Amino acid sequence: MKKLFTTFVAAAALSAAAQAATAFTDAKDAVDYRQSAFTMIRHNTGDIGEMLQGKVPFDAKRVQQRADALAALAPLPWPAFSTAGTETGGGDAKAEIWADFKDFTAKADKFQLDAKALQTAAQSGDQAKIKAAFATFRGNCKACHDKYKAD
């Protein structure tokens with residue numbers, strides 16, 4: 001039952017990403033959407049990070065749940081950067097995103113691949129594999145934030 005639910009959530013998230021490019025009513029709606037997606041990504045990433053740093057006990061089942069969520073969430077924010085007006089619609093996005101959109105989307109694609117790799121590592125239950133995949137995933141987050149996110 002849990003696997004069916006996870007599959008359903010993942011399918012819904014992926015179809016939402018495909019439809020998101022036309023789902024926004026205006027630039028503000030698109031910015032709100034992508035910020036919400038990033039908030040959920042940050043929550044799941046933070047929980048895994050705290051376990052791997054020893055701040056909270058490591059729980060392989062919870063890591064798997066968080067990694068599954070990240071794999072489902074990873075495709076969501078990107079269509080919201082293509083909506084007209086989002087480059088001036090607010091949020092923490094720098095203008096450099098639209099100046100070098102090809103690089104930005106390449107980083108978004110890598111982010112999604114890294115989320116899938118983290119999910120695969122989490123399925124192994126091997127903390128060393130998870131830690132390595134998580135480091136790659138977080139490194140991609142940082143690279144994008146350093147270049148494209150205002151603090």
Side-chain angles (χ1 to χ4, degrees), residues 1-24 29-83 86 90-94 96-98 100-151:
M1 184 68 146
K2 183 188 258 183
K3 192 169 191 169
L4 178 63
F5 176 74
T6 302
T7 302
F8 174 75
V9 169
L14 292 174
S15 69
Q19 296 174 2
T22 60
F24 310 115
D29 186 40
V31 170
D32 290 345
Y33 175 88
R34 72 182 187 224
Q35 287 177 327
S36 295
F38 283 130
T39 296
M40 293 189 318
I41 289 167
R42 185 177 66 242
H43 174 77
N44 286 282
T45 300
D47 192 34
I48 293 172
E50 287 183 350
M51 284 187 267
L52 293 175
Q53 293 169 8
K55 293 180 179 178
V56 297
F58 182 81
D59 179 341
K61 182 179 177 184
R62 195 165 92 210
V63 169
Q64 182 67 63
Q65 291 169 336
R66 298 298 187 206
D68 289 343
L70 287 168
L73 292 166
L76 296 181
W78 315 113
F81 286 94
S82 298
T83 301
T86 57
D92 295 330
K94 290 182 180 178
E96 285 86 344
I97 289 172
W98 294 274
D100 195 357
F101 204 68
K102 186 175 181 179
D103 179 64
F104 178 73
T105 55
K107 284 181 174 28
D109 292 344
K110 183 171 180 345
F111 177 80
Q112 293 171 70
L113 291 173
D114 291 345
K116 288 287 190 188
L118 176 58
Q119 182 183 38
T120 299
Q123 289 167 351
S124 76
D126 182 327
Q127 194 169 350
K129 287 181 183 179
I130 295 166
K131 194 169 194 171
F134 187 74
T136 300
F137 177 79
R138 289 287 297 157
N140 188 284
C141 292
K142 182 175 177 2
C144 199
H145 282 206
D146 287 350
K147 187 169 183 180
Y148 296 118
K149 183 178 185 277
D151 291 322

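Note that the coordinates shown come from a computational prediction; the quantities given were computed from them, not determined experimentally. Only this structure's heavy atoms are used, side chains among them; waters, hydrogens and symmetry mates stay out.
- A side-chain donor-acceptor contact under 3.5 Å links Thr120 to the backbone of Lys116.
- To the nearest 0.5 Å, atoms CD (Gln123) and CD1 (Ile130) are separated by 10.0 Å.
- Surrounding NZ of Lys149 are more than 12 heavy atoms belonging to other residues, nucleotides or ligands, all under 6.0 Å away.
- Checked against ring pair (Phe, Tyr, Trp, His ring centres under 6.0 Å), Phe134 has no partners two or more places apart in sequence or in another chain.
- Between Pro79 and Pro75, the closest heavy-atom pair is CD-O, 3.6 Å.
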- Item | CA sep, side-chain torsions, deciding dist, call: Asp32, Phe24, side chain to side chain contact (heavy atoms under 4.5 Å, CB included) | CA-CA 10 Å; Asp32 290 345; Phe24 310 115; over 6 Å; no
- Task: Determine, step by step, whether Gln119 and Asp68 satisfy the side chain to side chain contact (heavy atoms under 4.5 Å, CB included) criterion, reporting the C-alpha distance in whole Å, the side-chain angles of both residues, the deciding distance to 0.1 Å, and the verdict.
- Result: CA-CA 6 Å; Gln119 182 183 38; Asp68 289 343; 2.9 Å; yes
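- Proximity of a side-chain donor or acceptor of Thr83 to a complementary backbone N or O of Ala30 within less than 3.5 Å is not detected.
- Put simply, the side chain of Leu118 reaches to within 4.5 Å of the side chain of Ile48, judged on heavy atoms.
- Using a 30° and 60° split on the angle between ring planes, Phe101 and Phe104 fall in the tilted class, from 30° to 60°.
- Rounded to the nearest 0.5 Å, atoms CG (Asn140) and CG (Asp114) are 5.0 Å apart.
- If you take CH2 on Trp78 and NZ on Lys107, they are separated by 11.0 Å, rounding to the nearest 0.5 Å.
- A side-chain hydrogen bond (donor to acceptor under 3.5 Å, both in side chains) check over residues 48-58, counting only residues at least two apart or in different chains, returns the pairs Gln53-Lys55.
- In plain terms, the two heavy atoms of Asp47 and Arg66 that are nearest each other are OD2-NE, 2.7 Å.
- The neighbour count for Lys94 NZ, taken as heavy atoms of other residues, nucleotides or ligands under 6.0 Å away, is above 12.
- At distances below 3.5 Å, not a single donor-acceptor pair connects side-chain atoms of Trp98 with backbone N or O atoms of Thr86.
- Side-chain contact between Val63 and Met51: present, with at least one pair of heavy atoms (C-beta onward) separated by less than 4.5 Å.
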- Lys147 vs Asp103, salt bridge (Lys or Arg N to Asp or Glu O under 4.0 Å): CA-CA, chis, key distance, verdict: CA-CA 10 Å; Lys147 187 169 183 180; Asp103 179 64; 3.2 Å; yes
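- Counting only heavy atoms from C-beta outward, the side chains of Thr45 and Phe137 approach each other to under 4.5 Å.
- Between Ile41 and Phe111, the shortest heavy-atom contact is CG2-CZ, 3.9 Å.
- With rounding to the nearest 0.5 Å, the separation of CG in Leu73 from OG in Ser36 is 11.0 Å.
- Between Ala71 and Ala115 the shortest heavy-atom distance is CA-CB, 4.1 Å.
- Looking at residues two or more places apart in sequence or on another chain, you find no side chain to side chain donor-acceptor pair (under 3.5 Å) involving Gln112.
- In this structure, CZ in Phe81 is found 11.5 Å from OH in Tyr33, a value given to the nearest 0.5 Å.
- Remark: Arg138 CZ is loosely packed, at most 12 non-hydrogen atoms of other residues, nucleotides or ligands lying under 6.0 Å away.
- The heavy-atom pair separating Arg34 from Pro77 by the smallest distance is CB-O, 3.8 Å.
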